[in-house]
Protein chains: 2
Amino acid sequence: MAIIKRETDYAVRALRKLAGADDFVSVSVLAEGEDVPAIFLRKIMQRLNRAGMVQSRQGPFGGYRLNVAPEDITLLDVVETVQGPLVMNECFVEPEVCRRTEFCPVRVRLAELQVELNARLAEVTLGEVFSAEPAGEGAAR
Amino acid sequence: MAIIKRETDYAVRALRKLAGADDFVSVSVLAEGEDVPAIFLRKIMQRLNRAGMVQSRQGPFGGYRLNVAPEDITLLDVVETVQGPLVMNECFVEPEVCRRTEFCPVRVRLAELQVELNARLAEVTLGEVFSAEPAGEGAAR
DNA sequence: GATAATAGGAGTGATATACTCTTATTGAAT
DNA sequence: ATTCAATAAGAGTATATCACTCCTATTATC
């Protein structure tokens with residue numbers, strides 16, 4: 001199972017393009033050459049907009065532009081606003097699913113992992129990601 | 001989104017009961033009082049069996065028993081055999097979904113997180129989890 | 001006012017999740 | 001040997017989630 005969904009992936013690509021522009025960029029331009037369906041990307045951009053990460057402008061020459069510097073946007077921010085919060089287990093968000101929440105020893109350990117995963121995702125900023133050299137030493141292959 | 005699925009959760013509960021028994025335990029007993037549908041748990045136990053984590057015996061007084069000590073089973077082992085491997089992004093497991101895999105700067109960072117998440121899950125053994133005091137200092141609330 | 005863009009919400013097809021059901025097979029007790 | 005208690009394997013199913021699309025505003029420029 002993939003932890004990061006396509007929506008989030010698409011959002012990162014769009015934010016990357018926005019980081020390289022200084023004016024408003026339309027969704028169709030953002031989608032261009034990215035294998036992203038434009039009208040789907042529009043829905044994703046709306047979420048980023050509501051979260052205040054980007055700013056929108058309607059009408060001709062409208063589109064989106066960054067509202068926050070890439071260095072101040074973390075991977076966790078994008079994940080949470082686009083696909084919703086990540087939790088280790090369902091019981092963290094819906095306690096009713098399990099009635100042994102309060103004394104569950106597994107839960108204690110998962111809570112620790114949860115904190116750490118979020119912290120790691122929050123350490124990575126888009127500024128850092130965008131400035132990285134394109135797979136220099138073949139790191140991710 | 002929850003990273004750990006119910007199947008895995010159910011598996012951990014069953015393994016916990018097995019750790020407290022020294023003979024074969026039937027699926028119906030394993031499911032007892034755990035809010036787990038017995039015939040669903042049976043399917044999960046079959047996967048643990050195929051992975052060699054437990055041993056099965058058919059016939060009367062049959063059931064399952066541990067085949068590996070709880071200290072030698074990690075949370076990662078359970079996750080991977082029950083719900084399949086965890087990956088940060090789809091492109092780690094199906095490169096065709098994205099043709100910029102080779103030069104993607106996001107992927108490099110995700111690969112690092114991936115390694116770390118797996119390492120953390122592999123650090124937690126069932127032995128450790130089971131021996132933990134039931135929510136001593138209210139850690140997970 | 002026409003045109004070019006986004007906003008919001010409802011709708012859809014495919015896949016995955018969380019199960020159930022049916023038909024073997026195996027093993028212990030009688 | 002027969003019966004009965006258990007698992008094995010695989011097909012089947014309902015619901016939810018994912019990955020989108022469509023339609024009807026609204027807003028801003030020319």
Side-chain angles (χ1 to χ4, degrees), chain A residues 1-11 13-14 18 23-32 34-65 67 79 82-87 89-90 93-94 97-98, chain B residues 1-11 13-14 18 23-32 34-65 67 79 82-87 89-90 93-94 97-98:
Chain A
M1 182 196 61
I3 291 172
I4 289 189
K5 303 186 187 158
R6 273 195 220 171
E7 301 169 313
T8 304
D9 208 274
Y10 292 166
R13 292 187 208 173
L18 290 185
D23 205 359
F24 286 89
V25 183
S26 74
V27 169
S28 49
V29 170
L30 287 176
E32 221 161 64
E34 295 281 355
D35 297 316
V36 181
I39 74 178
F40 185 40
L41 183 57
R42 173 164 298 129
K43 307 305 290 185
I44 297 166
M45 295 311 294
Q46 285 174 16
R47 288 182 231 173
L48 296 179
N49 183 30
R50 261 173 261 144
M53 212 170 283
V54 299
Q55 194 188 342
S56 78
R57 192 173 65 178
Q58 301 190 175
F61 305 101
Y64 293 91
R65 77 172 166 200
N67 199 31
V79 167
V82 175
Q83 71 182 47
L86 280 182
V87 291
N89 205 346
E90 210 182 354
V93 66
E94 293 194 55
V97 301
C98 180
Chain B
M1 183 195 62
I3 291 171
I4 289 189
K5 303 189 190 159
R6 273 195 219 172
E7 300 169 314
T8 304
D9 207 274
Y10 292 165
R13 292 187 209 173
L18 290 184
D23 205 358
F24 285 90
V25 182
S26 74
V27 169
S28 50
V29 170
L30 286 177
E32 220 161 64
E34 295 281 356
D35 297 317
V36 181
I39 73 178
F40 185 39
L41 183 56
R42 172 163 299 128
K43 305 306 288 188
I44 297 167
M45 295 311 294
Q46 285 176 15
R47 289 182 230 171
L48 296 179
N49 183 31
R50 261 173 262 144
M53 211 172 285
V54 299
Q55 193 188 343
S56 79
R57 190 172 66 180
Q58 300 190 175
F61 304 99
Y64 294 91
R65 79 172 164 199
N67 199 31
V79 166
V82 175
Q83 70 183 47
L86 279 181
V87 291
N89 206 346
E90 210 182 354
V93 65
E94 293 193 55
V97 300
C98 181

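The figures here come from the full heavy-atom set of this structure, side chains too, leaving out hydrogens, waters and symmetry mates. Throughout, a chain's letter reflects where its sequence line sits, starting with A, and its residues are numbered from 1.
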Do A:Ile3 and B:Val87 have side chains that get closer than 4.5 Å, going by heavy atoms?
no
Between CZ of A:Phe24 and C1' of C:dA5 the distance, given in whole Å, is 12 Å
Whole angstroms only, please: what is the CD-P distance between A:Gln83 and D:dC18?
8 Å
As a test of reading the structure: which of D:dT7, D:dC30, C:dA5 is closest to the side chain of A:Ser26, going by heavy atoms?
C:dA5
Can you see if the side chain of A:Arg57 gets near the phosphate of D:dA28 - specifically, an N or O under 4.0 Å from OP1 or OP2?
no
Which residue lies toward the 5' end of DNA chain D, A:Pro60 or B:Arg50, if each is placed at its nearest nucleotide?
B:Arg50
Give a yes/no answer on whether the side chain of A:Asn49 brings an N or O atom under 4.0 Å of OP1 or OP2 in C:dT6.
no
Distances for protein N or O near nucleotides 18-20 of chain C N or O, under 3.5 Å:
from, atom 1, to, atom 2, distance (Å)
C:dC19, OP2, B:Arg6, NH1, 3.2
C:dC19, OP2, B:Tyr10, OH, 2.9

For B:Arg42 and C:dA24, what is the distance between atoms CZ and C1' respectively, to the nearest whole Å?
13 Å
Figure out the CD/C1' separation between B:Gln58 and C:dA24, and round it to whole Å.
9 Å
Check the distance between D:dT7's C1' and B:Leu18's CG and give it to me in whole angstrom.
14 Å
Among A:Leu18, A:Val82, A:Leu48, exactly one meets side chain to side chain contact (heavy atoms under 4.5 Å, CB included) together with A:Met53. Which residue is that?
A:Leu48
Strictly distance-based, threshold 3.5 Å: is any side-chain N or O of A:Asn67 a donor or acceptor partner for the main-chain N or O of A:Gln55?
no
Rounded to whole Å, the CG-P distance (A:Asp23 to C:dT6) equals 13 Å
What is the distance from CD1 of A:Ile44 to C1' of D:dC20, rounded to the nearest Å?
9 Å
Within the 4.5 Å heavy-atom criterion, are A:Asp9 and A:Arg13 side-chain neighbours or not?
yes
Any side-chain heavy-atom pair of B:Tyr10 and B:Pro37 under 4.5 Å:
yes
Could you give the CD-to-P distance, from A:Gln46 to D:dA25, as a whole number of Å?
16 Å
Counting C-beta onward and ignoring hydrogens, is there a side-chain heavy-atom pair between B:Phe40 and B:Glu7 closer than 4.5 Å?
yes
Quick one: does A:Leu30's side chain get under 4.5 Å of A:Met45's, heavy atoms only?
yes
